[in-house]
J.: 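Quick one: the structure is below, questions incoming.
What you see is a predicted model; the values in this text were computed from it and never measured.
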Amino acid sequence: MARVASNPVGFHRFRPCFQTPPLPRYVKPSIHFPNHHRRFPTVSCQQTPSTTEKSVVEPGSGSDSCSQATSSSTSSGPPEFPNKNTNRQVAVVSTLAALALFLSARLDFGVSLKDLSVAALPYEEALSNGKPTVVEFYADWCEVCRELAPDVYKVEQKYKGRVNFVMLNVDNTKWEQELDEFGVEGIPHFAFLDKAGNEEGNVVGRLPEKYLLENVDALARGEASIPHARVVGQFSSAEARKVHQVSDARSHG
């Protein structure tokens, strides 16, 4: 028997090869890898009850933003309400303000025509002391006269001692001559006299306080004329006066 050659022609020794022949470009690999989704731990920000301390977080930790949000929320906290001391202070201030308003109202509206007449200077004395004079013709029933009483009082207090203020009641027959002399037809009628007793002008009826104030100021400074010499507002007719005689010689009524 003939011996077979160890490496006959046409046969090659088997060499293992693990290389995969290249696939054509239009062929996609059919190998699929399992799709494992990596789950990261979820960090949630939960607002804790309001405290005065802030959370301490090390730099670079994943909860920086959460801790900052929590710190800002805890630092702000709910609005603080006034305590008892604050409420007590507010109550005291409110009481004082109300009392001041009440006293102011009493000061302004508590002045009556009777108060003005009692404090007024007698007419004869006013004409002889060498000071300018403001003569007011009025009546107790005159509504406009009562309304202007607080304004008249303020002006009197400001120029007290420099200007005479006289009150003449038109209901008193004692002043019939003065009513004709000053031409009183409506009340209140304010006559402004210089130091010599000469009339510089008059203001009749309801008018702004500045008219009376500016005229009296001109008299006090010795001006040759007053700024409002002939001004008429809403007034009560002097024809409605209730004539009566007053026996007391010192009475201005």
Side-chain angles (χ1 to χ4, degrees), residues 107-108 110-142 144-233 235-236 238 241 243-253:
L107 179 62
D108 289 344
V111 178
S112 64
L113 291 173
K114 183 178 181 180
D115 297 332
L116 294 179
S117 63
V118 170
L121 199 67
Y123 181 61
E124 295 78 6
E125 182 180 346
L127 295 180
S128 61
N129 64 7
K131 297 179 182 179
T133 302
V134 177
V135 180
E136 179 183 357
F137 293 89
Y138 76 101
D140 294 332
W141 47 264
C142 174
V144 180
C145 301
R146 293 196 299 265
E147 291 178 0
L148 295 182
D151 294 341
V152 176
Y153 176 79
K154 292 178 183 178
V155 177
E156 287 185 5
Q157 294 303 309
K158 185 175 183 179
Y159 293 94
K160 187 176 182 179
R162 292 186 290 168
V163 179
N164 301 319
F165 291 90
V166 177
M167 300 282 292
L168 301 182
N169 193 330
V170 298
D171 290 340
N172 191 348
T173 57
K174 178 182 178 180
W175 311 117
E176 292 288 347
Q177 181 178 349
E178 283 73 19
L179 291 173
D180 294 337
E181 179 182 351
F182 292 99
V184 178
E185 297 180 354
I187 53 175
H189 180 112
F190 298 91
F192 302 92
L193 313 180
D194 60 13
K195 296 180 179 181
N198 300 317
E199 184 181 17
E200 298 292 338
N202 57 71
V203 171
V204 180
R206 181 189 290 110
L207 292 167
E209 180 184 351
K210 72 172 186 177
Y211 285 81
L212 177 62
L213 181 63
E214 293 176 357
N215 282 356
V216 174
D217 184 71
L219 290 179
R221 290 186 288 104
E223 297 290 337
S225 61
I226 58 177
H228 311 286
R230 295 288 187 275
V231 184
V232 179
F235 61 86
S236 299
R241 63 196 183 103
V243 180
H244 65 275
Q245 180 65 43
V246 179
S247 58
D248 187 0
R250 294 180 56 84
S251 174
H252 304 295

J.: Tell me the closest heavy-atom pair linking Asp171 and Ala139, and the distance in Å.
T.: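 That would be OD2-CB, 4.1 Å.
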J.: Might you work through the side-chain contact (heavy atoms from CB on, under 4.5 Å) test for Phe190 and Leu212, ending with a clear yes or no?
T.: CA-CA 8 Å; Phe190 298 91; Leu212 177 62; 4.3 Å; yes
J.: Is the shortest heavy-atom distance from the side chain of Tyr153 to the side chain of Asp115 under 4.5 Å?
T.: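 Tyr153 vs Asp115: side chains apart.
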J.: Are the side chain of Arg146 and the backbone of Ser112 linked by a donor-acceptor contact shorter than 3.5 Å?
T.: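 A pair under 3.5 Å: no.
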J.: Find the distance between NZ (Lys195) and OG1 (Thr133) and round it off to the nearest 0.5 Å.
T.: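 Those atoms lie 11.5 Å apart.
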J.: Please determine whether the number of non-hydrogen atoms from other residues, nucleotides or ligands lying under 6.0 Å from atom CD of Gln177 exceeds 12.
T.: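 Open: at most 12 neighbouring heavy atoms sit under 6.0 Å from CD of Gln177.
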J.: So do Arg241 and Ile187 actually touch side chain to side chain, heavy atoms under 4.5 Å?
T.: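 Counting from C-beta outward, Ile187 and Arg241 never come under 4.5 Å.
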J.: Using the rule given for side-chain contact (heavy atoms from CB on, under 4.5 Å), can you reason through Glu156 versus Leu116, listing the C-alpha separation, both sets of side-chain angles and the distance that settles it, and then say yes or no?
T.: CA-CA 9 Å; Glu156 287 185 5; Leu116 294 179; 3.9 Å; yes
J.: From Asn169 CG over to Cys145 SG, what is the distance, rounded to the nearest 0.5 angstrom?
T.: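 Nearest 0.5 Å value for the CG-SG distance: 9.0 Å.
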J.: So which heavy atom on Leu219 is nearest to which on Ile226, and how close?
T.: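 The pair with the smallest heavy-atom distance is CD2-CG2, 4.1 Å.
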J.: If you look at every heavy atom in Ala191 and Glu199, which pair is closest and at what distance?
T.: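 Nearest heavy atoms, Ala191 then Glu199: CB-OE2, 4.0 Å.
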J.: Give a yes or no answer on whether the side chain of Asn215 reaches the backbone of His228 with a donor-acceptor pair at less than 3.5 Å.
T.: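 It does hold such a pair.
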J.: Working to the nearest 0.5 Å, report the span between NZ of Lys114 and CE of Met167.
T.: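 One gets 13.0 Å once the value is rounded to the nearest 0.5 Å.
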J.: Report the distance from atom NZ of Lys158 to atom CG of Leu213, rounding to the nearest 0.5 Å.
T.: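 Reported value, rounded in 0.5 Å steps: 5.0 Å.
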J.: Please report the shortest heavy-atom distance between Glu200 and Ala229, naming the atom on each side.
T.: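 Smallest heavy-atom distance, with atoms named: O-CB, 3.9 Å.
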J.: Drop me the distance from Ser236's OG to His189's NE2, to the nearest 0.5 angstrom.
T.: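 Separation between the atoms: 14.0 Å.
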J.: Between Leu193, Val184, Asn202, which is the residue that forms a side chain to side chain contact (heavy atoms under 4.5 Å, CB included) with Val135?
T.: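 Option passing the side chain to side chain contact (heavy atoms under 4.5 Å, CB included) with Val135: Leu193.
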J.: Looking at every heavy atom in both Glu147 and Pro150, which two are closest together, and how far apart are they?
T.: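 What the structure gives for the nearest pair is O-CD, 3.3 Å.
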J.: Find out whether Phe192 and Val203 are in side-chain contact, i.e. whether some heavy atom of one side chain is under 4.5 Å from a heavy atom of the other.
T.: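 Yes. Closest side-chain heavy atoms under 4.5 Å.
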J.: Using side-chain heavy atoms (C-beta onward) and a distance below 4.5 Å, is Tyr211 in contact with Pro208?
T.: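 Yes. Closest side-chain heavy atoms under 4.5 Å.
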J.: In terms of heavy-atom contacts, does CD of Glu176 have more than 12 from other residues, nucleotides or ligands at under 6.0 Å?
T.: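 Counting neighbours around CD of Glu176, more than 12 heavy atoms of other residues, nucleotides or ligands fall under 6.0 Å, so yes.
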J.: List the steps and the verdict of side-chain contact (heavy atoms from CB on, under 4.5 Å) for Asn129 and Leu121.
T.: CA-CA 11 Å; Asn129 64 7; Leu121 199 67; 3.6 Å; yes
J.: To the nearest 0.5 Å, what is the distance between CZ on Phe235 and CZ on Phe137?
T.: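 So the gap between those two atoms works out to 15.0 Å.
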J.: Looking only at non-hydrogen atoms, find the nearest pair between Gly205 and Val144 and report the distance.
T.: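 Shortest heavy-atom separation between Gly205 and Val144 comes out as C-CG1, 4.2 Å.
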